[in-house]
Participant: 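Have a look at the structure that comes next, please.
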Number of protein chains: 2
Amino acid sequence: MGSGAGVTLTDVAREAGVGESTASRVLRSHGSFSSKTRASVLEAAARLGYVPNRIAGTLASTGSKLVGIIVPSLANIVFPDLLRGANSVLGKAGFQSVIGVTDYDLVGEEALISSLLSWRPAGLLVAGLEHTARADAMLRGAGIRIIEMLDTDGAGIDMVVGFSNREAGRASARHLIARGYRRIGYVGHDLALDLRAAKRFEGFRAALAEAGLQVAGQVIASVPSSIEAGRDGLARILDETRDLDAVYFSNDDMAIGGYFLCLSRGIGIPDRLALFGHNGLEVARCAPQPLSTIRTPRVEVGEASARLISSDGPPAVVTLDFELIEGATT
Amino acid sequence: MGSGAGVTLTDVAREAGVGESTASRVLRSHGSFSSKTRASVLEAAARLGYVPNRIAGTLASTGSKLVGIIVPSLANIVFPDLLRGANSVLGKAGFQSVIGVTDYDLVGEEALISSLLSWRPAGLLVAGLEHTARADAMLRGAGIRIIEMLDTDGAGIDMVVGFSNREAGRASARHLIARGYRRIGYVGHDLALDLRAAKRFEGFRAALAEAGLQVAGQVIASVPSSIEAGRDGLARILDETRDLDAVYFSNDDMAIGGYFLCLSRGIGIPDRLALFGHNGLEVARCAPQPLSTIRTPRVEVGEASARLISSDGPPAVVTLDFELIEGATT
DNA sequence: GTGAAAGCGCTAACAG
DNA sequence: CTGTTAGCGCTTTCAC
């Protein structure tokens, strides 16, 4: 067991007394060779501590085993969940995930796309449908499978896997309306950045309008979503808008913050105030009063997206279902 | 702006009317060339939609710009936090993160290490000090910077960045003892897998012993940590062990579960029962009663680790401080 | 300041 | 079943 670094296929072949290509075939269990040759190559490789050089392998062969994954953030568990689903499927198929984090910046995304593409990945998974014009052009011209995730409200480039945030927002509104709430507020986070949250809010308002209603008040923090932002946001909207009977939050993090505020202030839920979130996080499910929310298939979207990397079908949209969870906060 | 895919440096050079090596120098702003040459190369590259092939570049040059990062899980926000810190620093330095998730399996880790090493990364960041013998040998023989993260209780291979979980456990125990608690229970998750949680518990018991105490009872779920596991674990220990006055949880997820149980059952905190966690998550900080816990420098560990990738100093241990947070649950 | 030539380590035909 | 021969696309001496 040598140092391993610097040992090449040539060394292994020489040590085993065979040609390079034979050693290569054995090591990749591809093509044919006698079991005797096989044994000696494998033994030589082990003795030398050979670690194949995938960089060279990728360059020599046509396709790479790298897959790029681009997400806007890692601070919200939603994206690690997505990554987790994708990575687990990719790993089993022999792919390596190369990640990029945009910080919700489309220009940063453009740079990341260019950078990831330079590794000649087998495919690219990217959260969201919105891109800069240049990013869009790069993705279209890359000649690899592009999977856009988590959003089906808009046109995709190649494959799209997700659900309709607009419909999720509509469903949330219809639920509150059906429960009898009429003075409904909205507490959200930076919508200019989180485009999917914006689409939910849009769907939410549309459904309210269909029922002849509109949001009775809204507070939109100009920060990323967080429990703290939700707590502070609810405090503000309660100050600014009287007689709210329900509040729709941009996601569960925000909603849990609101829930905590109600607990602190002794605001009765749902009698005095109803709360509704989005995502179906564990913390929302396990709270003393489970939060009413929408469970989104994040891990599943990651898994399904990863599976599509090796598909050769035509562009398509895969819609996964979200599920409305009637908790104890409505 | 062509298809981009398939355009090579040779094409760009021909289009610009210069030699390949000149085009290469311009594109990497390395070496010398006239500003006129520069302009024509850049223009040709843009016109052709050239995307450099880093695979080829890496093979031709010596060093790669890939960095492997291995974590046990993505389900617990702790590791995304670590990744986030590392990735942000790496990105700024022109590196790409290639991730691997072990699912807390050391044999899986070994396979991942071998797989990541085959991409000839510039360095490897790996969570934890424990590895299989073969993994250890591969890491030592890789000839690149190896950074082991989040744990300083043990011997490292090259660089180590983290804090002492044992000391964190001790500090937690001393805090509870100083507050006057004597009948202290432990609610944890699978310690055979989460070695750092095991070290915390070990330090915790050691500090109790120094005060002539021992845990009054313990419940260890054989599942990964979660809010639900913490809630159920607390329910069980309250059944099994009478007169507990405090419970130490393996981490904040578990502790928040316990906190939720207390809220549900109307168990007064901290008078009737004190709770102590570990990690300093946002949800713990924002709860109606902030959880007493230890804030761990996860993002900072990721950042510091990433910075060390390009260092050329001798092996070293970088210890970052954790901070005990006196919340309202003790 | 610039180009020609020689690989980086491997895979993929192709003969044998 | 096995070895030889060309490259993959780029970087890197090294002359010019």
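Reminder, nothing fancy here: chain letters follow the sequence lines and each chain counts from 1.
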Participant: Under 3.5 Å, which donor-acceptor pairs do the side chains of residues 30-37 of chain B form with other protein atoms, sequence neighbours left out?
Facilitator:
unit_1   : atom_1 : unit_2   : atom_2 : d
Ser34(B) : OG     : Thr37(B) : N      : 3.0
Ser34(B) : OG     : Thr37(B) : OG1    : 2.5

Participant: Less than 3.5 Å apart, which donor and acceptor atoms pair up between the side chains of residues 302-312 of chain A and the rest of the protein, not counting sequence neighbours?
Facilitator:
unit_1    : atom_1 : unit_2    : atom_2 : d
Ser305(A) : OG     : Val301(A) : O      : 2.6
Ser311(A) : OG     : Arg145(A) : NH1    : 3.4
Ser311(A) : OG     : Leu308(A) : O      : 2.9

Participant: Show each protein N/O and nucleotides 8-10 of chain C N/O combination with a separation under 3.5 Å, one pair to a line.
Facilitator:
unit_1  : atom_1 : unit_2   : atom_2 : d
dC8(C)  : O2     : Leu59(B) : O      : 3.3
dC8(C)  : O2     : Ala60(B) : N      : 3.1
dG9(C)  : N2     : Ala56(A) : O      : 3.2
dC10(C) : OP1    : Tyr50(A) : OH     : 2.4
dC10(C) : OP1    : Asn53(A) : N      : 3.4
dC10(C) : OP2    : Leu9(A)  : N      : 2.3

Participant: Keeping to residues at least two apart or across chains, list the side-chain hydrogen bond (donor to acceptor under 3.5 Å, both in side chains) pairs with something in residues 97-108 of chain A.
Facilitator: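 Checked against side-chain hydrogen bond (donor to acceptor under 3.5 Å, both in side chains) - neighbours excluded - the pairs reaching residues 97-108 of chain A are Asn87(A)-Ser97(A).
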Participant: CZ of Arg14(B) versus P of dG3(C): gap in Å, rounded?
Facilitator: 14 Å
Participant: Quick check on dT2(D): is either OP1 or OP2 less than 4.0 Å from any side-chain nitrogen or oxygen of Ser21(A)?
Facilitator: no
Participant: Atom NE2 of His30(A) to atom C1' of dT2(D): distance rounded to whole Å?
Facilitator: 15 Å
Participant: Quick one: which residue pairs count as a salt bridge (charged side-chain N to carboxylate O under 4.0 Å, His left out) with a foot in residues 50-65 of chain B, not counting sequence neighbours?
Facilitator: none
Participant: Without decimals, in angstroms, what is the distance between Trp119(A) CH2 and dG9(D) P?
Facilitator: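 Nearest whole value for this atom pair: 16 Å.
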Participant: Any pair with a residue in residues 19-29 of chain A that passes side-chain hydrogen bond (donor to acceptor under 3.5 Å, both in side chains), sequence neighbours left out, goes on the list, sorted by first then second residue, please.
Facilitator: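 Passing the test, one end in residues 19-29 of chain A: Ser21(A)-Arg25(A), Ser24(A)-Arg28(A).
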Participant: Would you check, one step at a time, whether the test side chain to side chain donor-acceptor pair (under 3.5 Å) holds for Thr132(B) with Arg134(B)?
Facilitator: CA-CA 5 Å; Thr132(B) 65; Arg134(B) 282 196 50 211; over 6 Å; no
Participant: Would you classify Ser34(A) as touching base, sugar-phosphate or nothing, given that sugar-phosphate means primed atoms plus P, OP1 and OP2, and contacts are heavy atoms under 4.0 Å?
Facilitator: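 Ser34(A): backbone/sugar contact only, no base atoms under 4.0 Å.
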Participant: Any side-chain N or O of Thr37(B) under 4.0 Å from OP1/OP2 of dT2(C)?
Facilitator: yes
Participant: dG3(D) P sits how many Å from Phe33(A) CZ, rounded?
Facilitator: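 From Phe33(A) CZ to dG3(D) P: 13 Å.
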